[in-house]
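These notes concern the structure reproduced below.
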Amino acid sequence: MKINLLSCDAPRPDRRAIANCIVEISPSCSASLANELTDILLEGDAVDIELDDKNTGSALRALRKLSIDYEIIE
């Protein structure tokens, strides 16, 4: 499943927690790529990632917990 991370509405976003979440939910994402994607997201640009189909529900819950808005692409 592909999702588009739109924005982070947290008053003080935790960069490390967001990067760790991206690494955990996306099977093709390394730690360095997750850090870059986190920076792009927090600057206000959208980021596309692919989720592991087995853990889709828990991945979406983790994103909501971090106040990250997303849309499902496919």
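Quantities reported herein were computed from a predicted structural model and do not represent experimental measurements. Numbers here simply count residues along the sequence, with the first being 1.
By the 4.5 Å heavy-atom criterion applied to side chains, Arg15 and Asp39 are counted as neighbours. When side chains are defined from C-beta on, Ser58 counts as touching Arg61, because their heavy atoms get closer than 4.5 Å.
Val23 and Leu42 fall into different hydrophobic clusters, where Ile, Leu, Val, Met, Phe, Trp and Tyr residues are linked whenever their side-chain heavy atoms come under 4.5 Å apart, directly or through other members. Linking ILVMFWY side-chain heavy atoms closer than 4.5 Å, directly or via other members, places Leu6 and Ile49 in two distinct hydrophobic clusters. Cluster annotation: Tyr70 and Met1 are assigned to the same hydrophobic cluster (Ile/Leu/Val/Met/Phe/Trp/Tyr, side-chain heavy-atom contacts under 4.5 Å, transitive). In the hydrophobic cluster analysis, where Ile, Leu, Val, Met, Phe, Trp and Tyr join through side-chain heavy atoms closer than 4.5 angstrom, Ile72 is grouped together with Leu37. By the rule that hydrophobic residues join a cluster once side-chain heavy atoms approach within less than 4.5 Å of another member, Ile40 and Leu66 end up as members of one cluster.
The CG atom of Leu51 lies 10.5 Å from the CD1 atom of Ile22; values are rounded to the nearest 0.5 Å. Separation of atoms NZ (Lys65) and CG (Leu60) is listed at 15.0 Å; rounding is to 0.5 Å. Residue Ile68 holds its CD1 atom at 5.5 Å from CG of Leu41, rounded to the nearest 0.5 Å. The CD atom of Glu24 sits 11.5 Å away from atom SG of Cys29, with the distance rounded to the nearest 0.5 Å. Expressed to the nearest 0.5 Å, how far CD1 of Ile25 lies from CG of Leu63 amounts to 4.0 Å.
Looking at Ser67 and Asp9, their side chains never bring a donor and an acceptor atom within 3.5 Å of each other.
By the 6.0 Å contact criterion, CZ on Arg64 is enclosed, its count of non-hydrogen atoms from other residues, nucleotides or ligands being greater than 12.
Here the shortest heavy-atom pairing between Asn35 and Ala19 reads OD1-CB, 3.2 Å.
Every residue was checked against the salt bridge (charged side-chain N to carboxylate O under 4.0 Å, His left out) condition with Asp45, not counting sequence neighbours, and none meets it.
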